[in-house]
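The block underneath contains the structure these notes are about, expressed in structure tokens.
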Amino acid sequence: MSVIGLFYGQCGNQICDSFYSNIYNDLSLNPKHCDYYNESLNKWFNVTKTKKLVPKSILIDTESKTIPHKKSCYQFKNIVSKSCGGSANNWAFGYFHQSKLLLNDTLECVRKELEKSDLLSSFLNVFSSSGGTGSGVGSCIIEQLKNEFPNKTFVNALILPYSNGEVVIQSYNSLLTLSKIYSISDAILVFENDRLHYNCINSLNIKDVTFDDINNLISHQLLSVFQPLNTQTSDLLTKLCDNSHKLLQIRSAPLSKLDCASNCKSLLTSISRQSRFDFLQKKQHKSLSTALICRGVYNPNESDLKPFKDCNSPKTLQLYHQKRKLFNLENCLTVVSNTNNICGSLDSILQDARTLYKFGAYLHHYEKFGVRETHFKTAFDTCDTILNNYKNL
Ligand SMILES: Nc1nc2c(ncn2[C@@H]2O[C@H](COP(=O)(O)OP(=O)(O)OP(=O)(O)O)[C@@H](O)[C@H]2O)c(=O)[nH]1
Ligand SMILES: [Mg+2]
């Protein structure tokens, strides 16, 4: 089963670079031609007649400088990049204008990949919610893909900006992106730069955290979900969602400490605490559904799971085990959860957007491209509904 990855804008492309390096590392560390190796290879790469590896994923940007460089072991060929100066951190510019330059070539790439793939399990779209290309062009392309392939699974990985981020209109862009893609997504994996930064410092002991560190963590977490398992990842993720709750968060155990199976029990509890750390200040932690993915020899038994269940009390808990280790980690535990932890980030985006909107700040940048009051009102309504659905869990 293939996954077609589409990586948009600077953030998406930089993550793609890290993502494929990690896939390649994982493949190199595992013996060739076992089932895991073949499944992973077929999921992410085409192999040419001369045995060269070509990633199936598609790289999309309005600037070419962010596209990953050629690698000695594989080479990206699906590049849809026009050097047209970016999308000025403006969702509307990306969605209504720049997308026209990239849409047809992207759809053509997707069609060609589909012809080559025996079976497609899902699309994985990766982009930041707060720039202009990833958010605007990305939203437009996802919409068109959904029109053309309504029965495929759409998993979207959305990177939320630092709350004190450098883009003054980031909350508008995030609002417009989320409201546009929510109904056409089967699952949305939400990554928060703030939290990832915190985890790099506190769990991985990195002093001067860079985007490379954060992207490495994001790609580790994505691969801990997307590398071969005893189920299709698209099924795992869609089972965690319902129509009103599609925002998933991934937590993994501190990777540097995952050296031996004997640590696992305490790590399960520590992951649960990581979830608790997110507690809404005064609200009770509520979980709709959780999947626990264990990679490596360790396969938890009922008593190991008890602290985890006590902390999370999800309505449903799915457990998956893959005995082959991921990268060079003896064991790797990953939790994918659908909980009201997400309210904090959502609330802050909505509040920031509302504050700007109340004063009519920067609206002319959006009006220029046809985004008027009604469009914003609908976006606020949609995101309010999403937030309330989580508050009422
Ligand atoms: N995690 C992560 N976040 C990034 C990275 N690059 C940029 N960002 C965040 O993404 C947001 C800006 O989005 P970009 O991806 O740079 O924007 P874009 O999609 O290229 O859009 P334009 O540049 O406006 O055309 C900011 O909030 C950054 O903090 C990255 O490599 N990793
Ligand atoms: Mg850019």
Side-chain angles (χ1 to χ4, degrees), residues 6-22 58-69 79-103 106 125-142 156-178 180-181 189-201 204 206 208-222 249-250 345 348-349 352-353 362 365-366 368-369:
L6 295 103
F7 295 83
Y8 305 85
Q10 175 181 313
C11 178
N13 279 289
Q14 288 176 172
I15 290 172
C16 183
D17 201 12
S18 163
F19 187 74
Y20 266 89
S21 300
N22 278 307
I58 301 166
L59 313 180
I60 302 144
D61 203 358
T62 45
E63 300 172 282
S64 47
K65 67 175 198 274
T66 64
I67 301 292
H69 296 299
I79 297 171
V80 184
S81 154
K82 298 253 159 54
S83 290
C84 46
S87 304
N89 290 315
N90 181 342
W91 184 90
F93 186 36
Y95 183 87
F96 287 105
H97 191 276
Q98 301 296 68
S99 62
K100 292 195 188 114
L101 306 172
L102 302 168
L103 178 63
T106 307
N125 297 283
V126 181
F127 54 101
S128 145
S129 67
S130 54
T133 301
S135 72
V137 175
S139 299
C140 175
I141 291 177
I142 294 167
N156 298 319
L158 200 59
I159 321 302
L160 301 186
Y162 283 105
S163 44
N164 59 354
E166 68 283 10
V167 181
V168 66
I169 45 178
Q170 61 182 25
S171 56
Y172 281 161
N173 294 333
S174 299
L175 171 90
L176 294 163
T177 305
L178 188 61
K180 188 54 90 177
I181 65 166
L189 297 165
V190 181
F191 293 93
E192 298 139 293
N193 273 347
D194 281 324
R195 175 194 312 288
L196 294 159
H197 193 107
Y198 176 93
N199 285 350
C200 281
I201 295 172
L204 302 174
I206 299 170
D208 298 312
V209 178
T210 64
F211 273 144
D212 282 349
D213 300 316
I214 293 182
N215 295 346
N216 196 34
L217 186 54
I218 294 176
S219 44
H220 269 219
Q221 295 191 336
L222 280 173
Q249 292 175 295
I250 305 179
S345 295
S348 111
I349 288 170
D352 288 352
Y362 306 104
H365 291 300
Y366 293 82
K368 257 196 316 212
F369 299 101

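Side chains are part of it too, since the values below use all heavy atoms of this structure and drop only hydrogens, waters and symmetry mates. Numbering of ligands and ligand atoms starts at 1, following listing order. The residues of the chain are indexed from 1 along the displayed sequence.
- Ligand 1 lies nowhere less than 4.0 angstrom from a heavy atom belonging to G165.
- Of all the atoms in ligand 1, the ones that sit under 4.0 Å from a non-hydrogen atom of I214 are 1 (N).
- For ligand 1, the atoms closer than 4.0 angstrom to any heavy atom of G9 are 19 (O), 20 (O).
- For atom 19 (O) of ligand 1, the closest heavy atom belonging to the protein is G134 N, 2.7 Å.
- No donor-acceptor pair closer than 3.5 Å links the side chain of E63 to the backbone N or O of Q10.
- Closest heavy-atom contact between C16 and L59: SG-CD2, 3.2 Å.
- With sequence neighbours left out, the ring pair (Phe, Tyr, Trp, His ring centres under 6.0 Å) criterion links Y162 to H197.
- Side-chain contact, S348 with S163: no donor N or O sits under 3.5 Å from an acceptor N or O.
- For atom 23 (O) of ligand 1, the nearest protein heavy atom (residue, atom name, distance) is E63 OE1, 4.0 Å.
- Between N173 and Y366, the side chains place a donor N or O and an acceptor N or O closer than 3.5 Å (distance only, hydrogens not considered).
- In this structure, G86 and Q98 approach most closely via the heavy-atom pair O-NE2, 2.8 Å.
- In L196, neither the side chain nor the backbone holds a heavy atom less than 4.0 Å from any atom of ligand 1.
- Closest non-hydrogen pair, I250 versus Q221, comes out as O-OE1, 3.5 Å.
- Contacts between T133 and ligand 1 below 4.0 angstrom, taking non-hydrogen atoms only, involve backbone and side chain alike.
- Checked against a 3.5 angstrom limit, the closest N/O atoms of P161 and ligand 1 fall outside it.
- Residue N193 places at least one N or O, backbone or side chain, under 3.5 Å from an N or O of ligand 1.
- When non-hydrogen atoms are compared, ligand 1 lies under 4.0 Å from the side chain of S128 (C-beta onward) but not from its backbone.
- Considering just the N/O/S atoms of E63, the one nearest the Mg ion (ligand 2) carries the name OE1.
- Distance from atom 24 (O) of ligand 1 to its nearest protein heavy atom, with residue and atom name: N89 N, 2.7 Å.
- At the top of the distance list for atom 28 (C) of ligand 1, counting protein heavy atoms only, stands E166 OE2, 3.7 Å.
- Of the listed residues (G131, G132, C16, C11), the one carrying the non-hydrogen atom nearest atom 4 (C) of ligand 1 is C11.
- Here the side chains of N199 and L204 are not in contact, with every heavy-atom distance at 4.5 Å or above.
- The protein heavy atom nearest to atom 20 (O) of ligand 1 is Q10 N, 2.9 Å.
- In this structure, a donor-acceptor pair under 3.5 Å is present between the side chains of T210 and D213.
- Residues that satisfy the side chain to side chain contact (heavy atoms under 4.5 Å, CB included) test with S345, not counting sequence neighbours, are L160, E192.
- At the shortest separation from atom 29 (O) of ligand 1 among protein heavy atoms lies F211 CZ, 3.4 Å.
- Using a 4.0 Å cut-off to heavy atoms of A88, the atoms of ligand 1 that qualify are 24 (O).
- Note: no N/O pair closer than 3.5 Å links N90 and ligand 1 by distance alone.
- Considering backbone and side-chain atoms alike, S130 places an N or O below 3.5 Å from some N or O of ligand 1.
- Results of the ring-ring contact (aromatic ring centres under 6.0 Å, His included) test with F127 over F7, W91, Y8 single out Y8 as the only residue that passes.
- Under 4.0 angstrom from ligand 1, the non-hydrogen atoms of N215 all belong to its side chain.
- A donor-acceptor contact shorter than 3.5 Å links the side chain of S18 to the backbone of N215.
- Inspection of the N22 and S219 side chains reveals an N or O donor paired with an N or O acceptor under 3.5 Å.
- When heavy-atom distances to ligand 1 are checked against a 4.0 Å cut-off, Q14 comes that close only through its side chain, counted from C-beta outward.
- Residue-level proximity to ligand 1 for V167 is absent, since no heavy atom of it falls below 4.0 angstrom.
- No donor-acceptor distance shorter than 3.5 angstrom exists from the side chain of Q14 to the backbone of T66, with no hydrogens or angles considered.
- The N/O atoms of S135, backbone and side chain alike, include none that comes under 3.5 Å of an N/O atom in ligand 1.
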